[in-house]
Amino acid sequence: MAFLRALLRTARMARHSSPLSAGLSADDAVLLDAPDERLSPALVAAALGDYEPAAKLLAVTRDAAEWEDRDRYLGRLVAFARNRDGWLVDWLAASPRDPDALLVKAELAVRRAWESPARVERLRDVGPLIAAAAEADPRDPVPWRLALDHARGAHATHTAFEALWEQAVRRCAHHYGCHVAALRYLSAAWYGSHRECFDFAERAAEDTAPDSLVQALPARAAFALLLDSQAAGRTTSVLEDRIDAAADLAIRFSAAHRPGDLWPAEARNLLAYVLLARGRWTEALEQFAMIGRYATSFPWSSVSEDALGRFLDARDGARLRVASLTPLRDRAGSGPARGHYA
């Protein structure tokens with residue numbers, strides 16, 4: 001009986017795996033953490049030692065209050081500056097009080113402090129840099145996201161963290177980066193629990209529009225629980241309903257954006273991971289089609305040193321799973337099924 005099931009499953013995979021690939025980008029067309037058309041010129045210029053395109057890009061996001069884009073671009077520019085910061089040094093020398101240059105400087109200092117064996121002490125030393133970035137433009141919530149990340153690593157008390165959170169949401173009530181920072185603080189790995197993460201994420205999502213990135217926040221809570229459960233070798237049965245509800249919410253968020261859009265790519269990558277972990281193969285494959293060419297390091301780098309390879313393997317796994325579950329032929333109109341395997 002088991003052998004027969006295996007034969008049928010293999011036959012289904014062989015028949016259906018190729019057609020199921022039709023909606024997916026080719027492996028060699030998939031890009032990891034691809035920059036958009038605004039960020040790409042800034043990164044190219046920075047590689048050549050020119051800071052002006054990066055300065056103009058961040059200034060535009062600040063002037064237009066494009067806080068989500070600003071935070072995203074900041075992260076990519078700082079990631080580049082970790083190994084090549086000559087352009088940033090020149091920028092600070094030319095404009096030492098520029099709010100955008102100060103923000104990049106502060107974020108870079110925080111990331112380097114996190115990597116230090118003396119993390120807590122180093123983080124405390126960079127506190128004034130965050131304060132300078134926040135004071136440079138009081139409207140900007142991004143320095144407060146940075147302050148929340150800093151507070152977590154510096155072992156800030158709940159009271160101190162709540163005061164920073166109040167400042168952050170006063171500037172932008174639904175800023176995704178600030179919500180992610182708060183979720184990390186509340187995580188079981190730091191100062192809270194998985195239930196607290198779900199409570200926070202679900203309530204935050206209730207207050208936002210269907211196309212808001214905060215709609216994907218419960219999926220982040222689900223991911224943290226799944227990762228922790230896999231590492232510990234225990235089940236997640238107590239919170240399974242909340243994991244599936246988080247996935248359902250993220251599916252609706254994904255549907256609010258066009259397929260192949262770079263903007264929701266990270267949320268869709270996260271959703272695909274959660275759906276795979278829950279065995280929801282068809283829905284996962286649908287999300288891989290929605291992702292298109294845009295793989296993101298998160299969440300795949302959390303489970304593999306080769307994030308792109310892990311993404312491609314996960315996508316293939318979903319495709320093969322769906323193929324193995326697809327009947328060999330359409331039996332509509334052919335009468336009642338005969339036998340267990342009909």
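- Salt bridge R72/E266: absent, no basic N to carboxylate O contact under 4.0 Å.
- The salt bridge (charged side-chain N to carboxylate O under 4.0 Å, His left out) check on R62 picks up D100, D137, with sequence neighbours excluded.
- Applying the side-chain hydrogen bond (donor to acceptor under 3.5 Å, both in side chains) rule to T208 yields the partners Q215; only residues at least two apart in sequence or on another chain are considered.
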Q | CA sep, side-chain torsions, deciding dist, call: D244, R280, side-chain contact (heavy atoms from CB on, under 4.5 Å) | A | CA-CA 10 Å; D244 284 330; R280 296 168 62 171; 3.3 Å; yes
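- Residues forming a side-chain hydrogen bond (donor to acceptor under 3.5 Å, both in side chains) with R315 (at least two apart in sequence, or on another chain): D27.
- Counting only residues at least two apart or in different chains, ring pair (Phe, Tyr, Trp, His ring centres under 6.0 Å) contacts with residues 102-134 comprise W114-W190.
- The pair K105-D85 fails the salt-bridge criterion, with no side-chain N (NZ, NE, NH1 or NH2) lying under 4.0 Å from an Asp/Glu carboxylate O.
- Between R76 and D36, none of the side-chain N atoms (NZ, or NE/NH1/NH2) sits under 4.0 Å from a carboxylate O, so this pair counts as no salt bridge.
- The other residues sharing a hydrophobic cluster with L39 are L43, Y51, L57, L58, Y73, L74, L77, V78, F80, W87, L88, W91, L92, L103, V104, L108, V142, where clustering joins ILVMFWY side chains under 4.5 Å apart.
- For residues 121-149, there are no ring pair (Phe, Tyr, Trp, His ring centres under 6.0 Å) pairs, not counting sequence neighbours.
- Among residue pairs with one or both ends in residues 119-131, none qualify as salt bridge (charged side-chain N to carboxylate O under 4.0 Å, His left out); sequence neighbours excluded.
- Taking the ring axis of F298 as reference, the NZ or CZ atom of R220 stays within 45° of it and closer than 6.0 Å to the ring centre.
- Under the salt bridge (charged side-chain N to carboxylate O under 4.0 Å, His left out) criterion, the residue pairs touching residues 169-193 are E166-R170, with sequence neighbours excluded.
- Here A314 pairs with L276, F288, W300, R310 under the side-chain contact (heavy atoms from CB on, under 4.5 Å) rule; sequence neighbours left out.
- By the side-chain contact (heavy atoms from CB on, under 4.5 Å) test, A93 is found to be paired with no residue, residues two or more places apart in sequence or in another chain being considered.
- Residues passing the side-chain contact (heavy atoms from CB on, under 4.5 Å) test with A295, sequence neighbours excluded: V30, L32, N269, L308, F311.
- Taking the side-chain contact (heavy atoms from CB on, under 4.5 Å) definition, one finds that E286 meets it with T282, E283, sequence neighbours left out.
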